[in-house]
K.L.:
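I have a structure here, written as C-alpha cells, and I will follow up with some questions on it.
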Amino acid sequence: MLCIFLGVPPTLTLRNGEKMKKVLIQGAMEIETGYLIEKIKKMPDYQCQEENGLFFHIGTEGDKKYIINTTGMGTVKAAMATACGLLLFHPAVVINQGTAGAQNRELGTGDIVLAEEAVDINCLSMPKKKMGEGSDPFSWETRNPTCFQADSALLELYSRQEYTSGHMTRGRVGTGDIYSREDDRIVWLAEQFGTVCEDMETAAVYEVCHAFETPCVGLRIISNNELLDEEFNEESAEILQQYVWKVTHEYL
C-alpha cells in the first residue's frame with residue numbers, strides 16, 4: 001500500500017504573504033456543520049456564498065477568515081466541494097471533520113480519531129465467478145490502494161489540546177461509498193486496509209488537498225460501533241464541532 005504525504009511544509013505558513021489566515025472547515029451533513037455555521041453567523045461580516053449548488057458560510061474574527069461548507073455525503077461530493085472551496089478561497093488550511101463508524105471494539109461513541117492517514121476502501125478486486133457461482137466478498141483482495149497522510153503540524157496541534165468527552169487516538173481512516181453494518185465485514189475491512197474506523201469523505205478530501213498542495217487534517221468522532229451494538233448518535237457530531245472550533249479558534 002502506497003502512502004503519500006500531503007506534500008506541504010510542516011509549518012502553517014500563509015500563501016502569498018497574506019495577513020489573514022483563511023480556514024476551510026468541512027462536514028458532510030448538516031448535523032456535522034450546524035454548530036459551526038451558527039458561530040459564523042454571529043460574526044459582523046457574515047455572508048453566505050453559493051457556488052455550483054454549494055453553500056460557503058464566511059465570517060472573519062481576529063486574524064482568521066472562516067469558511068464553513070457542508071460538502072454532502074460520499075467521495076464524489078466531498079472531492080467536488082473541496083476542489084471548489086480551494087479554487088474559490090485559497091485557504092491556508094483545510095479541516096475536514098465529522099462522524100465515523102468504529103471498526104474495532106476499542107473505540108466507542110464519543111472517541112475521536114485523528115486521521116494520520118486515509119485510504120479508499122473501495123479499492124478491491126474480485127476473482128472471476130460465472131453465473132450461478134454466487135459471490136464471496138471475503139475472497140476479494142485489495143487493489144493497489146493509495147493512502148494519503150495528514151499535515152503533521154495540524155495533527156500535532158489538535159492532538160495537544162484536551163478532549164474530555166471520550167478518548168483521542170491517531171489512526172488510519174477508511175473511506176468508501178458504503179455503510180457497513182455486517183460485523184464480519186467490518187473486521188475484514190479493518191484487517192485488509194489497516195484502518196480503525198470508516199467514513200465516506202476523508203480520503204477524497206486528502207487526495208484533493210494533496211493535488212492542491214494545501215495542508216489538511218481530518219478528525220472523526222465515533223458516532224456508533226456496530227461491533228458493540230451501538231446506535232448512531234447524532235449528538236456526537238456537535239461534540240466534535242465544539243472541540244474543533246475551540247482548538248481552531250484559540251490555537252491555530
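Computed from a predicted structure; not experimentally measured. The residues of the chain are indexed from 1 along the displayed sequence.
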K.L.:
Under a 4.5 Å cut-off applied to non-hydrogen side-chain atoms, are Leu219 and Leu114 in contact?
P.N.:
yes
K.L.:
Taking Phe138 as the starting point, is it possible to reach Val187 by hopping between hydrophobic residues whose side chains are less than 4.5 Å apart?
P.N.:
no
K.L.:
Taking the side chain as C-beta and beyond, is there a heavy-atom pair between Arg220 and Glu201 under 4.5 Å?
P.N.:
yes
K.L.:
What do you reckon, is CD of Glu50 surrounded by more than 12 foreign heavy atoms closer than 6.0 Å?
P.N.:
yes
K.L.:
Hydrophobic clustering (ILVMFWY, side-chain heavy atoms < 4.5 Å, transitive) - are Leu252 and Ile40 grouped together?
P.N.:
yes
K.L.:
Between Ile178 and Ile121, is any pair of side-chain heavy atoms under 4.5 Å apart?
P.N.:
yes
K.L.:
Ignoring hydrogens and geometry, is there a side-chain-to-backbone donor-acceptor pair from Tyr206 to Ala115 under 3.5 Å?
P.N.:
yes
K.L.:
For Glu133, does the CD atom sit with more than 12 other heavy atoms under 6.0 Å from it, leaving out its own atoms?
P.N.:
yes
K.L.:
Rounded to the nearest 0.5 Å, what's the gap from CD on Glu141 to CD on Gln192? Could you check?
P.N.:
8.0 Å
K.L.:
Under 4.5 Å side-chain heavy-atom separation, chaining through any Ile, Leu, Val, Met, Phe, Trp or Tyr, what else clusters with Ile222? Say none if it is isolated.
P.N.:
Leu107, Val113, Val173, Val196
K.L.:
With side-chain contact (heavy atoms from CB on, under 4.5 Å) as the criterion, how do Thr175 and Thr195 come out once you've worked through the C-alpha distance, each side chain's angles and the decisive distance to 0.1 Å?
P.N.:
CA-CA 9 Å; Thr175 297; Thr195 50; over 6 Å; no
K.L.:
Can Thr99 and Glu32 be said to form a side-chain hydrogen bond (donor to acceptor under 3.5 Å, both in side chains), step by step?
P.N.:
CA-CA 7 Å; Thr99 58; Glu32 295 173 331; 2.7 Å; yes
K.L.:
Take atom CG of Asp136 as the centre, draw a 6.0 Å sphere, and report whether it contains more than 12 heavy atoms from other residues, nucleotides or ligands.
P.N.:
yes
K.L.:
Tell me, with the steps shown, if Thr70 and Phe55 meet side-chain contact (heavy atoms from CB on, under 4.5 Å).
P.N.:
CA-CA 7 Å; Thr70 308; Phe55 294 89; over 6 Å; no
K.L.:
Should we say atom NZ of Lys64 is surrounded by more than 12 heavy atoms from elsewhere, each under 6.0 Å from it?
P.N.:
yes
K.L.:
Which heavy atom of Val244 sits nearest a heavy atom of Thr248, and at what distance?
P.N.:
O-OG1, 2.7 Å
K.L.:
Verify side-chain contact (heavy atoms from CB on, under 4.5 Å) between Gln97 and Tyr243, making sure each step is shown before the conclusion.
P.N.:
CA-CA 10 Å; Gln97 54 83 46; Tyr243 175 76; over 6 Å; no
K.L.:
With rounding to the nearest 0.5 angstrom, report the NZ to CD1 distance, Lys22 to Ile58.
P.N.:
9.5 Å
K.L.:
Between Glu116 and Arg170 (side chain of the first, backbone of the second, donor and acceptor by atom type, cut-off under 3.5 Å), is there such a pair?
P.N.:
no
K.L.:
Could you go step by step and tell me if Gln49 and Gln47 meet the side-chain hydrogen bond (donor to acceptor under 3.5 Å, both in side chains) rule?
P.N.:
CA-CA 6 Å; Gln49 182 173 334; Gln47 61 176 304; 5.6 Å; no
K.L.:
Cut-off 3.5 Å, side chains only: do Gln26 and Thr82 have a donor facing an acceptor?
P.N.:
yes
K.L.:
Quick check: are there more than 12 heavy atoms from other residues, nucleotides or ligands sitting under 6.0 Å from NZ of Lys246?
P.N.:
no
K.L.:
Counting only N and O atoms by type, is there a donor-acceptor contact under 3.5 Å from the side chain of Gln241 to the main-chain atoms of Ile31?
P.N.:
yes
K.L.:
Nearest 0.5 Å, please: how far is CG in Asn69 from SG in Cys84?
P.N.:
8.0 Å
K.L.:
Answer with yes or no whether the hydrophobic clustering places Met73 together with Met80; edges join I, L, V, M, F, W, Y residues whose side-chain heavy atoms lie under 4.5 Å apart.
P.N.:
no
K.L.:
Tell me whether Glu250 at atom CD has more than 12 heavy atoms from other residues, nucleotides or ligands lying less than 6.0 Å away.
P.N.:
yes
K.L.:
Are Leu227 and Phe232 joined in one hydrophobic group, where the rule is that I, L, V, M, F, W and Y side chains link up if heavy atoms are under 4.5 Å apart?
P.N.:
no
K.L.:
Does the side chain of Asp111 come within less than 4.5 Å of Thr169's, by heavy atoms?
P.N.:
no
K.L.:
Of all residues at least two apart in sequence or in a different chain, which pass the salt bridge (Lys or Arg N to Asp or Glu O under 4.0 Å) check with Asp120?
P.N.:
none
K.L.:
Pairing donors with acceptors under 3.5 angstrom, does anything connect the side chains of Glu106 and His167?
P.N.:
no
K.L.:
Atom OG1 in Thr60, atom NZ in Lys65: separation rounded to 0.5 Å?
P.N.:
3.0 Å
K.L.:
List the atom of Met168, the atom of Tyr158, and the distance in Å for their closest heavy-atom pair.
P.N.:
SD-O, 3.8 Å
K.L.:
Decide side-chain contact (heavy atoms from CB on, under 4.5 Å) for Ile95 and Ile25; before the verdict, give the C-alpha distance in whole Å, the side-chain angles of both, and the deciding distance to 0.1 Å.
P.N.:
CA-CA 5 Å; Ile95 313 299; Ile25 307 179; 4.2 Å; yes
K.L.:
Between atom CG of Leu36 and atom CD of Gln242, what is the distance when rounded to the nearest 0.5 Å?
P.N.:
9.5 Å
K.L.:
Working to the nearest 0.5 angstrom, can you tell me the gap between His90 NE2 and Leu86 CG?
P.N.:
9.0 Å
K.L.:
Other residues, nucleotides and ligands only: do more than 12 of their heavy atoms fall within 6.0 Å of CD on Glu182?
P.N.:
no
K.L.:
Under the criterion side-chain hydrogen bond (donor to acceptor under 3.5 Å, both in side chains), I'd like the reasoning laid out for Ser236 against Ser223: C-alpha separation, chi angles, the key distance, then a yes or no.
P.N.:
CA-CA 6 Å; Ser236 62; Ser223 57; 4.9 Å; no
K.L.:
Quick one: does any side-chain atom of Lys39 pair with a main-chain N or O of Trp245 as donor and acceptor, under 3.5 Å?
P.N.:
no
K.L.:
Considering only heavy atoms from C-beta outward, does the side chain of Tyr66 approach that of Met43 to under 4.5 Å?
P.N.:
yes
K.L.:
Using a cut-off of 6.0 Å, state whether more than 12 heavy atoms not belonging to Arg185 lie near its atom CZ.
P.N.:
yes
K.L.:
Tell me whether Val119 shares a hydrophobic cluster with Ile186, the cluster being built from Ile, Leu, Val, Met, Phe, Trp, Tyr side chains joined at under 4.5 Å.
P.N.:
no
K.L.:
Can you classify the ring geometry of Phe148 versus His210 as parallel (below 30°), tilted (30 to 60°) or perpendicular (above 60°)?
P.N.:
tilted
K.L.:
If you define the side chain from C-beta out and look only at heavy atoms, does anything of Asp151 sit under 4.5 Å from Val217?
P.N.:
no
K.L.:
Quick check against the 3.5 Å criterion: does Asp63 have a side-chain atom that pairs as donor or acceptor with the backbone of Lys21?
P.N.:
no
K.L.:
Would you call the rings of His57 and Tyr46 parallel, tilted or perpendicular, taking 30° and 60° as the class edges?
P.N.:
parallel
K.L.:
Could you check if a side-chain atom of Met200 sits within less than 4.5 angstrom of a side-chain atom of Lys77, using non-hydrogen atoms only?
P.N.:
no
K.L.:
What heavy-atom pair brings Cys147 and Arg172 nearest, and what distance separates the two atoms?
P.N.:
SG-NH2, 4.1 Å
K.L.:
Side-chain contact test, heavy atoms from C-beta onward, threshold under 4.5 Å: evaluate it for Tyr163 versus Ile239 and give yes or no.
P.N.:
yes
